Amino acid sequence: MPLPADFFKKDTLELARALLGCLLVKETEEGTAAGFIVETEAYMGASDRAAHSYGNRRTKRTEIMYHGPGHVYTYQMHTHCLVNVVSGREGTPEAILIRALEPFMGTELMFARRKVKEAKQLTNGPGKLAKALGITMEDYGRVFYERPLFIAEGYEPEQIETGPRIGIDNTDEAKHYPYRFWIKENRYVSRRA
DNA sequence: ATACCGATGCTCT
DNA sequence: GAGCATCGGTATA
């Protein structure tokens, strides 16, 4: 069961924490794959140098971030597709990147898609989890409160840790913001602190 | 364990 | 035509 649309109507940093422990589900013709979200990163829109929507940049790519919380923002990075949850009120272009999952169901399908040996390698990175679940640019513009790509209730994380975001060294002051959140001691987190 | 490097595709200038 | 919110291989320790 998808969470209701209202779940996404939170302050972006609060939503980034609330998403930890939730289940991300993708249904395809090949079957269903799902995993618990264990790592997220917040991108704070107009005022955040590291955000695609910095300074309210509005292009074909960033357009969906203006359409209100709960939308699916997929973005192509080199050969990979990255998945984001749009946050903030309509007109406020904020988003949360999903960086890692703990596989829950459909692991055979994930292994078939990823071609790796260790379970840890299935979903411990933003490009990896998108491929494991079969998420593509086709999902751009959908909503996370309806099938076939949705977020459902999961478990309550014991302890949450925070730190600077990964891979944004070129955006001077923004690189220090503690906008990365992960579940402490979870082995599927993409990198240790 | 960390470090570097090339692949490869889409968006924006 | 440049620039990336990445990944997997190879290289070294």
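Letters A, B, ... are given to chains in the order of the sequence lines, protein chains preceding strands, and every chain is numbered from 1. Source: prediction; values computed, not measured.
Rounded to an integer number of Å, the gap from R57(A) CZ to dC4(C) P is 11 Å. One interatomic measurement links the two molecules: CZ of R61(A) to C1' of dG9(B), which rounds to 12 Å at whole-angstrom precision. Rounded to whole Å, the distance from CG on L82(A) to P on dT8(B) is 18 Å. dA5(C) atom C1' lies 17 Å from atom NE2 of H176(A), rounded to whole Å. Regarding E39(A), its CD atom lies at a distance of 11 Å from the P atom of dT6(C), rounded to whole Å. One can place NE2 of H78(A) at 13 Å from P of dT8(B), the figure rounded to the nearest angstrom. One can place CZ of R191(A) at 14 Å from C1' of dG8(C), the figure rounded to the nearest angstrom. Note: CD1 (I135(A)) to C1' (dA5(C)) measures 16 Å, nearest angstrom.
Ring geometry for Y75(A) versus H52(A): interplanar angle of 30 to 60°, hence tilted. Using cut-offs of 30° and 60° for the angle between ring planes, the Y145(A) and F8(A) rings count as tilted.
Y140(A) places none of its side-chain heavy atoms less than 4.5 Å from the side chain of T136(A).
Nearest to the side chain of H52(A), among dT8(B), dA5(C), dG8(C), sits dA5(C). The side chain of M77(A) lies closest to dA5(C), out of dC7(C), dG8(C), dA5(C).
In terms of position on DNA chain C, the residue among R114(A) and G167(A) whose nearest nucleotide sits closer to the 5' end is G167(A). Toward the 5′ end of DNA chain B lies the nearest nucleotide of T79(A), the other residue of the pair T79(A) and M137(A) mapping further downstream. Across the interface with DNA chain C, nearest-nucleotide mapping of I168(A) and Q121(A) shows I168(A) to be the residue nearer the 5′ end.
Looking at E39(A) and S190(A), their side chains do bring a donor and an acceptor atom within 3.5 Å of each other.
Crowding of R147(A) atom CZ: a count of heavy atoms from other residues, nucleotides or ligands under 6.0 Å not exceeding 12.
Remark: DNA chain B takes part in the stems B:1-7 with C:6-12, B:9-12 with C:1-4, each of 3 or more antiparallel Watson-Crick or G-U pairs, criterion distances under 3.5 Å.
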Take R61(A) and S53(A) through the side chain to side chain donor-acceptor pair (under 3.5 Å) test and state the conclusion after the steps. CA-CA 9 Å; R61(A) 183 174 67 159; S53(A) 52; over 6 Å; no

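A cation-pi contact, defined as under 6.0 Å to the ring centre and within 45° of the axis, is absent between K175(A) and Y177(A). With Y43(A) as the aromatic partner, R165(A) meets the cation-pi criteria of under 6.0 angstrom to the ring centre and within 45 degrees of the ring axis.
Using a 4.0 Å cut-off, no side-chain N or O of R180(A) falls inside it from OP1 or OP2 of dA5(C). Of the side-chain N and O atoms in K60(A), none sit less than 4.0 angstrom from OP1 or OP2 of dC10(B).
Within 4.0 Å of A51(A), counting heavy atoms only, lies no atom of the nucleic acid at all. Across all strands shown, R165(A) has no heavy atoms under 4.0 Å from either base or sugar-phosphate atoms.
The aromatic ring of Y75(A) does not sit over the base of dA5(C), since the test of centres under 5.5 Å and planes under 30° is not met.
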